[in-house]
**Student:** 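Right, I'll just put the structure down here and ask away after.
In this text, all values refer to a predicted model and were calculated from it rather than measured experimentally. Below, each value reflects all heavy atoms present in this structure, side chains not excepted, and no hydrogens, waters or symmetry copies. Numbering of ligands and ligand atoms starts at 1, following listing order.
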Amino acid sequence: MHPITRRILNTYQEISRRKTFGIISHPDAGKTTLTEKLLLYGGAIHTAGAVKSNKITKTATSDFMEIEKQRGISVATSVMGFNYRGYQINILDTPGHKDFAEDTYRTLTAVDSVIMVIDSAKGVEEQTRRLMEVCRMRHTPVLVFINKLDRDGLDPFILLEEIEKELHIHTRPMTWPVGMGREFKGVYDLTQAGMRIFAPEKTAISEKMQWVEGLNDVALPGIIGEEAARKLREEADLIEGVYEAFDESLYREGYLAPVFFGSAINNFGIRELLDTFVRIAPPPAARQTRQRTVQPGEESFSGFVFKIHANIDPNHRNRIAFCRVVSGRFVRNKFYTHTRLGKQIRFSGPTSFMAGEQSLVEEAYPGDVVGLYDTGQFKIGDSLTEGEQLSFEGIPSFSPELFKQVINDNPMKSKQLEKGLRQLTDEGVAQLFIEQPGNNKIIGTVGELQFDVIRFRLLHEYAASCSLIPLNYYKACWVTASDKNTLEKFLTGRGQHIAWDKENRPVFLAESEWMLNVTRQAFPGILFHFTSELRPESALEN
Ligand code: G4P
């Protein structure tokens with residue numbers, strides 16, 4: 001075989017065995033526990049408790065230094081990879097802490113599907129709703145795991161209805177719980193028509209769990225009780241009557257979520273989830289650039305930076321840019337084009353961060369994430385290629401919710417302050433808006449914590465001190481209009497509420513929802529957008 005043909009074939013093989021996904025949930029639903037159990041099944045770790053470090057603990061909310069420390073540790077768990085049934089599975093870690101929600105949104109641009117964890121007692125929660133909005137924007141396939149069935153929770157039918165109504169996605173149960181809490185007997189596998197009997201097993205994978213064939217197995221009532229067996233038969237009938245057969249293509253298009261029930265802490269229901277996941281989850285998908293669609297099977301390498309992590313070692317001001325490989329093959333020490341800077345760069349120490357272990361990457365394929373050591377050349381959204389001028393789309397900024405004006409406390413250090421603000425906002429820590437005239441700087445974030453992060457880092461990394469004065473804004477909306485005159489008129493008419501983002505795009509700073517509505521009515525020709533991708537404003541309104 002010709003070497004080029006062999007290489008292309010090899011790349012195709014590598015692509016088709018990769019599954020890159022994120023686990024998302026409202027804090028405390030069980031994301032960390034599920035991640036850990038998946039790694040346990042994949043043999044990437046051998047004892048429970050090994051990934052707890054990727055979680056920012058609740059007690060640390062007011063202690064920013066503690067959070068930074070934990071974030072430092074979390075670099076190690078940014079990507080967790082394992083092999084399962086011949087598949088290379090990459091889990092991208094998404095911070096659960098609300099103040100880092102924007103990090104999570106961006107990480108979702110680098111996954112091909114997600115598993116959403118829902119606490120059976122709490123149902124759909126605030127973060128679940130927001131994260132689902134982001135998935136919907138990108139038609140990301142979603143698989144749902146309803147967790148903590150070992151505790152009393154909501155009725156499973158009610159949970160499914162809530163998911164459909166609140167998350168605007170169709171559901172299809174794949175397994176079904178029998179009882180809950182103390183009465184939890186196990187899950188019935190609707191696709192294989194068999195029941196796995198619950199046996200709590202916290203630390204290791206238990207393959208000893210009892211399996212009962214079919215609903216009519218005479219042994220069933222003896223094991224789970226007459227009443228539970230009767231109810232299960234009734235509910236299974238109802239499900240088959242109400243729900244259509246699972247349609248994989250609808251799942252892949254992001255319209256239908258298969259739903260699993262279990263208890264992550266007890267290793268229960270995970271095997272069913274994982275087996276279905278590897279069977280149906282999509283391989284690395286094509287990605288849109290401003291110029292064209294890039295297919296993973298293309299020969300030339302391309303990738304984009306979706307996350308930048310700074311200050312892993314406070315003594316060296318190093319940063320790691322996480323690059324998702326989109327097409328071709330990434331090779332260590334080869335020159336690639338940084339398309340925004342038009343510069344050739346090569347990476348001698350690309351790193352993979354796999355479940356706490358760092359290792360040197362010699363080559364990587366679509367779906368993989370490589371950590372690139374960076375001295376400040378990368379911004380979130382930057383693209384790397386083999387020369388072609390491509391810019392990947394869809395790494396949006398989201399309208400911040402908290403705003404503060406930056407006051408320079410030391411005029412001798414204004415250059416450092418400028419530089420620090422620019423670099424930290426390039427990293428995606430927060431967003432920067434500038435009011436003109438006057439060059440007033442406003443920082444916008446989704447959480448109070450980022451303000452502490454910014455002040456601390458400005459002082460320690462750039463020797464710049466500043467005060468941050470709270471501003472009473474409700475949202476910053478990117479504004480567009482179909483013609484220049486309308487836009488000009490608006491920008492002049494509402495001048496005192498206009499600022500400019502770093503790309504020099506106008507942003508309207510609304511003091512309240514009411515004010516936004518009034519302005520919208522006064523300027524019908526103006527479109528207000530809640531993400532910098534300039535999507536329709538409904539996209540992230542809630
Ligand atoms: P998160 O990453 O989504 O924030 O959640 P995490 O996995 O840390 O789980 C949150 C809490 O829920 C943890 O308890 C965890 O042990 C518990 N949990 C996870 N899965 C299950 C389950 O299937 N059943 C039950 N009953 N509990 C579950 P914690 O007390 O907050 O922490 P820890 O002391 O157990 O570590």
Side-chain angles (χ1 to χ4, degrees), residues 21-41 45 47-61 66-67 70-71 73-74 76-78 80 91-101 103-104 107-108 114-132 142-154 156 159 175 177-187 196-206 209 259-274 355-356 447 449:
F21 76 107
I23 304 184
I24 54 177
S25 74
H26 189 86
D28 271 353
K31 180 176 79 77
T32 315
T33 313
L34 179 64
T35 307
E36 182 171 281
K37 298 303 158 96
L38 292 175
L39 295 175
L40 212 56
Y41 275 89
I45 55 168
T47 49
V51 255
K52 271 289 166 200
S53 56
N54 78 343
K55 186 178 169 182
I56 292 169
T57 53
K58 291 147 267 181
T59 47
T61 34
E66 181 55 25
I67 286 181
Q70 294 188 31
R71 260 164 69 76
I73 298 165
S74 82
T77 52
S78 282
M80 289 160 280
I91 310 181
L92 305 199
D93 185 36
T94 53
H97 198 292
K98 179 183 166 290
D99 285 8
F100 295 101
D103 256 17
T104 299
T107 299
L108 291 181
V114 303
I115 294 182
M116 177 175 278
V117 186
I118 289 178
D119 182 329
S120 72
K122 302 215 172 114
V124 172
E125 295 176 85
E126 188 203 336
Q127 267 307 81
T128 336
R129 245 176 249 122
R130 289 185 157 234
L131 292 163
M132 187 60 212
V142 178
L143 205 146
V144 173
F145 182 72
I146 298 184
N147 191 25
K148 306 197 187 180
L149 263 295
D150 59 319
R151 284 199 186 156
D152 286 331
L154 299 166
L159 277 167
T175 62
V178 178
M180 62 175 76
R182 268 202 222 140
E183 296 301 311
F184 183 48
K185 301 284 197 289
V187 287
R196 206 173 285 288
I197 307 298
F198 179 58
E201 178 59 85
K202 289 199 167 49
T203 48
I205 310 164
S206 169
M209 272 185 276
V259 179
F260 293 80
F261 292 84
S263 168
I265 194 109
N266 290 299
N267 280 320
F268 194 78
I270 316 265
R271 175 72 78 191
E272 288 80 1
L273 172 81
L274 189 54
L449 218 105

**Student:** Taking N or O atoms only and a 3.5 Å limit, does Gly30 qualify as a polar contact for ligand 1?
**Tutor:** yes

**Student:** Taking only residues two or more places apart in sequence, or in another chain, which ones meet Glu183 in a side chain to side chain contact (heavy atoms under 4.5 Å, CB included)?
**Tutor:** Lys185

**Student:** Can you find an N/O atom of Pro27 closer than 3.5 Å to an N/O atom of ligand 1?
**Tutor:**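 For ligand 1, there is no N or O atom that lies under 3.5 Å from one belonging to Pro27.
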
**Student:** Would you please name every residue forming a ring-ring contact (aromatic ring centres under 6.0 Å, His included) with Phe145, sequence neighbours left out?
**Tutor:**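 For Phe145 there are no ring-ring contact (aromatic ring centres under 6.0 Å, His included) partners, ignoring immediate neighbours.
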
**Student:** Does Ser25 approach ligand 1 within less than 4.0 angstrom via side chain, backbone, both or neither, non-hydrogen atoms only?
**Tutor:** side chain

**Student:** For ligand 1, which atoms have a heavy atom of Arg151 less than 4.0 angstrom away?
**Tutor:**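 Heavy-atom distances to Arg151 below 4.0 Å select 26 (N).
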
**Student:** Could you state the interatomic distance from CG (Leu273) to OG1 (Thr175), rounded to the nearest 0.5 Å?
**Tutor:**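 Rounded to the nearest 0.5 Å, the CG-OG1 separation comes out at 8.5 Å.
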
**Student:** Are the side chain of Thr94 and the backbone N or O of Ile23 linked by a donor-acceptor pair below 3.5 Å?
**Tutor:**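 Checked: pair present.
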
**Student:** State the atoms of ligand 1, each with its element, that fall below the 4.0 Å cut-off from a heavy-atom position in Ser263.
**Tutor:**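 Per the distance check, 22 (C), 23 (O), 24 (N).
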
**Student:** Show me which atoms of ligand 1 lie under 4.0 Å from any heavy atom of Asp28.
**Tutor:** 1 (P), 3 (O), 4 (O), 5 (O), 10 (C), 12 (O)

**Student:** I want to know if ligand 1 touches Ile265 in the polar sense, i.e. an N/O pair below 3.5 angstrom.
**Tutor:**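 Yes.
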
**Student:** Minimum distance, heavy atoms only, to atom 27 (N) of ligand 1: which one of Lys31, Lys148, Glu36 is it?
**Tutor:** Lys148

**Student:** Where the side chain of Asn147 meets the backbone of Val117, is there a donor-acceptor pair that is under 3.5 Å apart?
**Tutor:** no

**Student:** With side chains defined as the heavy atoms from C-beta onward, is the minimum distance between Ile270 and Phe260 less than 4.5 Å?
**Tutor:** no

**Student:** If you measure from each non-hydrogen atom of Asp150 to ligand 1, which part falls under 4.0 Å: side chain, backbone, both or neither?
**Tutor:**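 The answer is the side chain of Asp150.
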
**Student:** Any idea how Phe268 and Phe198 line up, ring-wise: parallel (<30°), tilted (30 to 60°), or perpendicular (>60°)?
**Tutor:** perpendicular

**Student:** Examine the proximity of ligand 1 to Asn266 and report which part, side chain or backbone, both or neither, has a heavy atom under 4.0 Å away.
**Tutor:** neither

